[in-house]
Structure formats: structure tokens, C-alpha cells
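The structure under discussion appears below in the form of C-alpha cells.
Numbers here simply count residues along the sequence, with the first being 1. Just so you know, these numbers use all the heavy atoms, side chains as well, and skip hydrogens, waters and symmetry mates. All ligand and atom numbering here is 1-based and tracks the order in the structure.
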Amino acid sequence: MYSEMMYQYGSQRSVIREIFAYGQEKIRELGPDAVFDFSLGNPSIPAPDSVKEAVFDILEQESPIAVHGYTAAQGDLQVRQNLADSVNRRFQITVGPDNFYLTCGAAASLCCAIRALTNPGDEWIVFAPYFPEYKCFVMAAAGVVKEVPPRLPDFQVDLAKFEETISEKTKAVIINSPNNPSGAVYSKETVQEMTDILKKKEKEYGHPIFLIADEPYREIVYGDVEVPYLPEYYEDTIVCYSYSKSLSLPGERIGYILVPDQVTESEKIYSAVCGAGRSMGYVCAPSLFQRVIGKCVDDIGDIEAYKKNRDLLYGSLTDLGYECVKPDGAFYLFVKTLEPDANEFCRKAREKYNLLLVPSDSFGCSGYMRVSYCVAYDMIERALPLFEQLKKDYE
Ligand code: PLP
């Protein structure tokens, strides 16, 4: 009668959405100041002024027929040229407009890239802790997810376990750095070693193993931390980018897939990406916001506010005795829960203190909670005494 798999995905809401919905109900009941919602990764800084200016310029200066009309399935040519110019300026790689396919954000980029590459039974390697939707995207494409456990306590990559996980059936590896939920940024050394392993395995098995760089947080790093650009290290890299976080535009649904010429059979893979977009109805990303990103290619929001939040939350929680690694990027803290069952711990925090924290199990890792700090600074200040009470409950 209907697809059992799609029913399962639709009827079991993600844990994050569940907690967020609980918070919304509590806000209606108790008022906004009584609820401390650290559940979602919804940017809390406004889009930069350049976005607003671009929207007004486009609406005033361009033909409304063009602005609100269909673009080419893969996106407006001039916008793709602007994206290519930006990538060529910033990184050691040469790409052109025909290497880009514009999408409705990183989720659509990942879905298209995964569909484009997967034949039934192909294996996809992910590193725990990982973005929970990877599983849904890969399984819907008839692929199989293989998890690599984290290297503790720093949440960098366990290279030995990574190597053990690669098999003849490995189609691709997804790397998300800066990472949701750990905030870890993979160092140059880590990336170098990972890609050396992949090159060795490509030779051993005689077929390409693709690297998918899931990069919505590329621009959100603190201090002088560098995020290595994966295509510079490994030719078979496909980039899935999004403006949801860097320009604070998650609701506008805009991002891209980049398939550089250096990727094995790049033209065929690019065509398969177009085919995946077509088969899922993801053609022609939102036209107005294609034009906006074309004008704001090198802009980012004022991420200083996230750094201030990170410093307050990390400093205060570790002073209270919570254990966590200082994140170099993204806007999440991944904190050890005070009892082994993270679901139970987060339930108590929610029901006793209205502290909304996300248990780590759906990220492929037990015993932690994700605390999103893309929130108002004063909410963190007001929540700290509750984190203190919660800690005392376990002493
Ligand atoms: N990948 C990761 C690691 C994410 O954290 C998210 C969103 O939070 C996405 C992909 C999806 O991003 P988008 O909103 O651009 O679809």
C-alpha cells in the first residue's frame, strides 16, 4: 500500500525535532524565559547586511519574470560562474561553472551526491559522532552505512579503525569538519593521513573511493584554526556546501554540489548528480536565493557572537565539572553525560529544569549530550545555575 521505509522515516521524528517540539509546547505553557532550548542548530546571528542589500537590489533591478522564474536545472550560469571564481580565488584548485550543481541546502546536496554514486549494497563510511540524517540518506539510496567509532577524548579520527572499516564494497566516505556535533576540526595531518589511506585502498581494490566533504560549517571556526580543503588533498572529492550556517539562511534552502574535473569520471558523475536531482524533483534551487549567494559568495555572518557563547558555555561547564573538548568550529558542545544513559540524563534535565539537550545516541555515540550554543548569550547566562543544579543531583 505504501513504502514501509518511507513510513518509518516519516513516522519516527528525529530526536532533535522531538525535543524542539517539546520545548515549543513548554514555551506556550510557561513562557519563553522558563525554557532553555539548546536543541537546534538554527543560527542565532542575523544574515549579514549584504544579503538584505542583495535581495533589494535583485528585486529592484532585475526582471521579476527572471527572478521568480525557473533557472537551468543545475542553477543559473552566472551564479555558478561566481561560485567558481570564489573557489578558484580561495583554494588551490581550478573549477568552472559546469562543475557546480545548485541545491536546496546541504541535505539536498548530500541526497543527490549519495544517489548519484550508490548502487545497491555499496558501503558508505561515516565517522561517529555524525549528523543523524546520513543514515536516512544512504539507506534510502539502498546503500549500507559503516560507522567508524570516534577517537577519544579529542574526537579526531581513529585512523587504524578507519582503515579496518574500508572494504572492497566501500563506495565513499563522508567527512564533516567542522563537525556536528563534536565541534572538532580535522587537522591537516589527520586529513593527510586519511587521504593517504584512501589512495592506498583505491589502488588495492582497483576502483575509486569517493570522499564527500559535507561543509556547512566551513566558515564557522574560531581563532586561527584552518579547515583543510579536501579536494586539495584527494582528487576523488565531491564537496557538498550550504549557506544555511555561514550566511544564516537555513530556511531559504540554498547550497551546492561541486564535482571538480579531477574526480574520476567527473562528467558522468556530474550527469548522475543531475539525474539524482531530477529523480527526486530537486531541480532548480530557489531562484531568488541563487542570485543572492551569487552576489554574497565571499561573505559570512558575524561569528564573534558564537565564539563568545562558546567561551562562556565551555568555560562555565568545565568549571562546574562537566567533561568536554573545546570545540574549534561549528556551534555545538559535545559534553559527557553524568550517567551512562544519555537519553535518561537528557530526560531528567528536560523534565526537572526545562533544559533542552540532545542525547548522543542518534549521532552514533553513547554517553554524551549535544548542547547547541547558537542561542542568545543571556539564555546561556540564565541556564548556568540549572546546569549547576543538575550536576549537584549526581553528587
Ligand atoms: N550536514 C550537517 C553536518 C548538518 O549539521 C546539517 C544541518 O544542520 C546539514 C548537513 C543540512 O544542512 P542544510 O540545512 O543546508 O540542508
For Glu232, give me all partners under side chain to side chain donor-acceptor pair (under 3.5 Å), at least two apart in sequence or on another chain.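 Scan of Glu232 (side chain to side chain donor-acceptor pair (under 3.5 Å), adjacent residues dropped) gives none.
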I'd like to know whether CE of Met379 has more than 12 heavy-atom contacts from other residues, nucleotides or ligands below 6.0 angstrom.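 Yes, enclosed.
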Hey, is CD on Gln8 packed in by over 12 heavy atoms from elsewhere, all under 6.0 Å?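 Yes, because the 6.0 Å sphere around CD of Gln8 holds more than 12 heavy atoms from other groups.
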Compute whether any side-chain donor of one residue and acceptor of the other, for Tyr353 and Asp393, lie under 3.5 angstrom apart.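 The answer is yes; a qualifying pair exists.
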Heavy-atom side-chain proximity of Ser246 to Arg218 below 4.5 angstrom: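 SC-SC contact between Ser246 and Arg218 ruled out.
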Please step through salt bridge (charged side-chain N to carboxylate O under 4.0 Å, His left out) for the pair Glu219 and Arg90, ending with a clear verdict. CA-CA 12 Å; Glu219 268 58 64; Arg90 295 175 62 196; 2.5 Å; yes
Close N/O pairs between ligand 1 and protein, under 3.5 Å:
residue: ligand 1; atom: 1 (N); partner: Asp214; partner atom: OD1; Å: 3.4
residue: ligand 1; atom: 1 (N); partner: Asp214; partner atom: OD2; Å: 2.7
residue: ligand 1; atom: 5 (O); partner: Asn180; partner atom: ND2; Å: 2.7
residue: ligand 1; atom: 5 (O); partner: Tyr217; partner atom: OH; Å: 2.7
residue: ligand 1; atom: 8 (O); partner: Tyr217; partner atom: OH; Å: 3.4
residue: ligand 1; atom: 8 (O); partner: Lys245; partner atom: NZ; Å: 2.9
residue: ligand 1; atom: 14 (O); partner: Ser244; partner atom: OG; Å: 3.1
residue: ligand 1; atom: 14 (O); partner: Arg253; partner atom: NH1; Å: 3.0
residue: ligand 1; atom: 15 (O); partner: Ala106; partner atom: N; Å: 2.8
residue: ligand 1; atom: 15 (O); partner: Ser242; partner atom: OG; Å: 2.6
residue: ligand 1; atom: 15 (O); partner: Ser244; partner atom: OG; Å: 2.7
residue: ligand 1; atom: 16 (O); partner: Ala106; partner atom: N; Å: 3.2
residue: ligand 1; atom: 16 (O); partner: Ala107; partner atom: N; Å: 2.9
residue: ligand 1; atom: 16 (O); partner: Arg253; partner atom: NH2; Å: 2.7

